[in-house]
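Notes for the one structure printed next.
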Number of protein chains: 2
Amino acid sequence: MPEFFHDKRLYYTPIEFALSHLGGTWKMPILWRLQEKAQRFNELKKDIPHITDKMLTSQLRELESKGLINREIFPVIPPKVEYSLTKKGMKAIPIIETIMKYGYDLIQDAGIEFPPKKA
Amino acid sequence: MPEFFHDKRLYYTPIEFALSHLGGTWKMPILWRLQEKAQRFNELKKDIPHITDKMLTSQLRELESKGLINREIFPVIPPKVEYSLTKKGMKAIPIIETIMKYGYDLIQDAGIEFPPKKA
DNA sequence: ATTTAGACTATCCAAAAGGTAAGTATAGAA
DNA sequence: TTCTATACTTACCTTTTGGATAGTCTAAAT
């Protein structure tokens, strides 16, 4: 039985475990944007097309709970909160880059026109 | 609008597109096992713990429709069908390897004991 | 006559993921 | 006094994903 339990969930493979950290529509685009510098909630929101408040909040919370990002609260009004990569989060960047490049290759292969942007 | 339509679906990023090819619980474990040689349905089934007939069938169909694997039918009874990687499928292998290694790293990080097996 | 093999298909269901829309708190600006 | 900014929360749905279970087809073996 090469499977294992962690945080109330059963995983069958390391791949599944990796995807629990990076998978879904939003986690990688968020992490990617934090690689340069810390960002505020609304900066991320403006920079990531289509994401809703709810999704952004929930994904940030998941990334934080898995230790990939830091959340720093500035006690001012209106509120200010900054998100940044942890060391663990930085380790994800090359993986994301690999997947992104693969995605671009697939897009090329499929003959789709797509602007080479940031994620 | 850096997003695009393809095959009746809307994608926002290359990452999403890549995950539509490799994402989910089963696609990468399946592809990984085809890298050495073609495999039959029941060989894959025995080699991939926990996968059900339905999941194996549906994932093989998806991989085939995206051009990552070939399906060869031998007209005998009982039926014999072999699955193998296409050139496009082979391009996915290094990506899967990267993700798998990352998964192992995360497992180490989390202090989980896990046997270094095949996917 | 029944069982077996191999590769499925068909239903039905439960859980997870993700989207819509509205509401909250606070202080300063208009 | 109403409005604005910021970072959320809550409730409610719909869609997608995945799991359980049973059934199908054919010919040969028992």
Side-chain angles (χ1 to χ4, degrees), chain A residues 3 7-13 15-17 19-30 33-34 38-66 69-84, chain B residues 3 7-13 15-17 19-30 33-34 38-66 69-84:
Chain A
E3 72 255 11
D7 202 31
K8 298 175 186 174
R9 226 202 100 178
L10 177 63
Y11 298 92
Y12 299 146
T13 65
I15 291 169
E16 260 195 289
F17 196 59
L19 289 186
S20 77
H21 288 72
L22 302 182
T25 307
W26 305 113
K27 289 195 196 75
M28 291 194 266
I30 291 169
R33 279 172 180 78
L34 295 179
Q39 306 264 352
R40 300 180 62 177
F41 186 90
N42 273 350
E43 291 175 321
L44 288 169
K45 194 178 153 186
K46 276 168 199 155
D47 204 34
I48 301 174
H50 305 287
I51 199 168
T52 61
D53 285 17
K54 181 196 157 184
M55 276 299 111
L56 183 49
T57 303
S58 75
Q59 300 306 298
L60 287 168
R61 291 286 180 286
E62 279 186 45
L63 290 169
E64 193 195 359
S65 79
K66 292 185 199 305
I69 64 173
N70 284 314
R71 180 167 182 267
E72 192 183 358
I73 307 164
F74 298 82
V76 295
I77 285 177
K80 173 175 176 178
V81 179
E82 274 192 359
Y83 297 92
S84 56
Chain B
E3 71 256 10
D7 202 33
K8 300 174 184 176
R9 228 201 99 176
L10 177 64
Y11 297 91
Y12 300 146
T13 65
I15 291 169
E16 259 194 289
F17 197 58
L19 288 185
S20 77
H21 288 71
L22 302 182
T25 309
W26 305 113
K27 289 198 195 71
M28 291 195 264
I30 291 169
R33 279 172 179 79
L34 295 180
Q39 305 265 352
R40 301 181 62 179
F41 186 90
N42 273 349
E43 291 175 322
L44 289 169
K45 195 178 153 186
K46 275 168 198 154
D47 204 34
I48 301 174
H50 304 288
I51 199 168
T52 61
D53 285 17
K54 180 196 159 186
M55 278 299 111
L56 182 50
T57 302
S58 74
Q59 301 307 297
L60 287 169
R61 290 288 178 286
E62 279 187 46
L63 290 169
E64 193 195 357
S65 79
K66 291 184 200 303
I69 64 173
N70 285 313
R71 179 166 183 266
E72 192 183 359
I73 306 165
F74 299 83
V76 296
I77 283 174
K80 172 174 176 180
V81 180
E82 274 192 359
Y83 297 92
S84 56

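Every chain is numbered from 1, with letters handed out A, B, ... down the list of sequences. Because the structure is a prediction, the values reported are computed rather than measured.
- The closest side-chain heavy-atom distance from B:Arg71 to B:Leu60 is not below 4.5 Å.
- A:Glu43 has its CD atom 12 Å from the C1' atom of D:dT6, to the nearest Å.
- D:dT6 atom C1' lies 9 Å from atom NZ of A:Lys45, rounded to whole Å.
- Distances shown here put a side-chain N or O of A:Arg40 below 4.0 Å from the OP1 or OP2 atom of D:dA7.
- Spacing between atom CG of A:Leu56 and atom C1' of D:dC8 amounts to 10 Å, rounded to whole angstrom units.
- Rounded to whole Å, atom P of D:dT15 lies 16 Å from atom NZ of B:Lys8.
- A close approach under 4.0 Å does not occur between any side-chain nitrogen or oxygen of A:Tyr12 and OP1 or OP2 of D:dG18.
- A:Lys80 comes within 4.0 angstrom of the backbone, heavy atoms only, and of no base.
- Taking only side-chain nitrogens and oxygens, B:Tyr83 comes nearer than 4.0 Å to OP1 or OP2 of C:dC8.
- Here C:dA7 is the nucleotide among C:dA5, C:dA7, D:dT6 with the atom lying nearest to any side-chain atom of B:Val81.
- Map B:Thr57 and A:Gly23 each onto its nearest nucleotide of DNA chain C; the residue landing nearer the 5' end is B:Thr57.
- Of the side-chain N and O atoms in B:Arg71, one or more sit less than 4.0 angstrom from OP1 or OP2 of C:dC8.
- For the pair B:Leu44 CG and C:dC8 C1', the interatomic distance rounds to 14 Å; values are reported in whole Å.
- Taking the side chain as every heavy atom from C-beta outward, A:Leu44 and A:Leu34 approach each other to under 4.5 Å.
- The side-chain heavy atoms of A:Lys80 and A:Arg40, taken from C-beta on, include a pair separated by under 4.5 Å.
- Within 4.0 Å of A:Arg9, counting heavy atoms only, lies no atom of the nucleic acid at all.
- The side chain of B:Pro79 lies closest to C:dG6 when the candidates are D:dA7, C:dG6, D:dG18.
- Between the B:Lys46 side chain and the B:Asn42 main chain, no donor and acceptor come within less than 3.5 Å of each other.
- Using a 4.0 Å cut-off, no side-chain N or O of B:Asn42 falls inside it from OP1 or OP2 of C:dA5.
- Within 4.0 Å (heavy atoms only), A:Thr25 reaches sugar-phosphate atoms of the nucleic acid but no base atom.
- Within 4.0 Å (heavy atoms only), B:Thr52 reaches sugar-phosphate atoms of the nucleic acid but no base atom.
- Listed candidates were C:dA7, D:dG19, D:dT26. Nearest to the side chain of B:Ile77 is D:dT26.
- Here the side chains of A:Arg61 and A:Ser65 are not in contact, with every heavy-atom distance at 4.5 Å or above.
- Using a 4.5 Å heavy-atom cutoff, the side chains of B:Tyr83 and B:Gln39 are not in contact.
- Straight-line distance from the CD1 atom of A:Ile73 to the C1' atom of C:dT26: 16 Å, rounded to whole Å.
- As rounded to whole Å, 17 Å separates atom C1' of D:dC12 from atom CG of A:Asp53.
- For the pair A:Met55 CE and C:dA21 P, the computed distance is 15 Å after rounding to whole Å.
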